[in-house]
Amino acid sequence: VSIDSVGLTVRVINKTDRETYSIGESVEGVLVSAVADMSEGAKKGMVPGDVIVEINQQPVTKPEDAADMIAKAHKGKRNSVLLLINREGDVSFVALRLDDTK
C-alpha cells in the first residue's frame, strides 16, 4: 500500500522479511518496503525494513490501517503524525510532517 503523503510504501511482514531485516517474531506492525526519494519519510531517515508499530499511539496491524490512519490525520488538518518504528529491535519515534498540498 502506497502512502503518498509521506512517501512510504508498506506491506504485511512475511517470514523472509523477518530474516532479511532481523525482525523478531514478537514484533507486530507493517513493513516499510519502499521510501520515495525526497519524501518526508526519506528526510526523516526511514528506510526499507523499518516496521511501523504504531501511528499516533494506535497499533497498526495491516497496511490499509496505516494508510487510513495517515489519511484521517491529514483530513483532520493535523500537520504531522507520530510513528513508533522498530528497526532491527531498536524502537524509536519518528514524526512525519503531512504535506498540505496532498
Side-chain angles (χ1 to χ4, degrees):
V1 175
S2 182
I3 307 172
D4 295 334
S5 60
V6 292
L8 300 177
T9 303
V10 297
R11 62 180 167 82
V12 173
I13 303 168
N14 63 36
K15 190 170 177 12
T16 305
D17 296 330
R18 289 191 184 279
E19 292 166 9
T20 303
Y21 298 114
S22 303
I23 301 167
E25 286 298 320
S26 64
V27 176
E28 299 282 326
V30 294
L31 182 80
V32 175
S33 57
V35 181
D37 289 341
M38 306 301 291
S39 67
E40 181 64 9
K43 289 178 193 167
K44 293 294 169 69
M46 295 189 69
V47 296
D50 285 351
V51 177
I52 302 173
V53 180
E54 293 180 352
I55 298 176
N56 290 338
Q57 296 163 339
Q58 299 292 317
V60 180
T61 55
K62 298 190 304 253
E64 297 80 11
D65 291 347
D68 289 348
M69 292 162 102
I70 290 174
K72 277 186 188 144
H74 206 264
K75 283 190 185 93
K77 305 286 186 223
R78 303 270 307 256
N79 55 9
S80 65
V81 289
L82 185 65
L83 308 184
L84 181 63
I85 305 295
N86 185 312
R87 180 181 296 162
E88 295 181 355
D90 291 331
V91 178
S92 61
F93 283 103
V94 176
L96 296 181
R97 186 177 301 275
L98 295 176
D99 189 347
D100 294 336
T101 61
K102 294 205 171 133

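Residue indices begin at 1 and follow the sequence shown.
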Would you say N86's side chain and G89's backbone share a donor-acceptor pair under 3.5 angstrom? yes

Tell me whether R18 contacts the main-chain N or O of G24 through its side chain, where contact means a donor paired with an acceptor under 3.5 Å. yes

Of all heavy-atom pairs between I13 and G29, which one has the smallest distance, and what is that distance? CD1-O, 3.7 Å

Tightest non-hydrogen contact, residues A42 and A36, listed as CB-O, 3.4 Å

Is V91 linked to Y21 within one hydrophobic cluster, defined over Ile, Leu, Val, Met, Phe, Trp and Tyr using a side-chain heavy-atom separation of less than 4.5 Å? yes

What heavy-atom pair brings V10 and A66 nearest, and what distance separates the two atoms? CG2-CB, 4.3 Å

Are the side chains of L98 and N79 in contact, using a 4.5 Å heavy-atom criterion? no

Any chance you could measure I55, atom CD1, to K72, atom NZ, to the nearest 0.5 Å? 11.0 Å

What distance do H74 atom NE2 and I3 atom CD1 have between them, rounded to the nearest 0.5 Å? 12.0 Å

Nearest 0.5 Å, please: how far is CG in L83 from CG in D50? 9.5 Å

Any side-chain heavy atom of V35 within less than 4.5 Å of one from L8? yes

For a 4.5 angstrom cut-off between non-hydrogen side-chain atoms, does R11 reach D17? yes

Where G41 and L96 come nearest, the two heavy atoms and their spacing: CA-CD2, 4.0 Å

Pairwise side chain to side chain donor-acceptor pair (under 3.5 Å) hits with a residue in residues 28-45, at least two apart: E40-K44

Would a single hydrophobic cluster contain both M46 and M69, if residues Ile, Leu, Val, Met, Phe, Trp and Tyr are joined by side-chain heavy-atom contacts under 4.5 Å? yes

Are V81 and V94 linked, directly or through other ILVMFWY residues, by side chains that come within less than 4.5 angstrom of each other? yes

Atom CD1 in I23, atom CZ in R87: separation rounded to 0.5 Å? 11.5 Å

Is any side-chain heavy atom of V51 closer than 4.5 Å to one of V53? yes

Would L82 and L84 show up in the same hydrophobic cluster when neighbours are defined by side-chain heavy atoms closer than 4.5 Å? yes

Are V27 and I85 joined in one hydrophobic group, where the rule is that I, L, V, M, F, W and Y side chains link up if heavy atoms are under 4.5 Å apart? no

Side chain to side chain donor-acceptor pair (under 3.5 Å) pairs, two or more places apart, involving residues 51-63: T61-D65

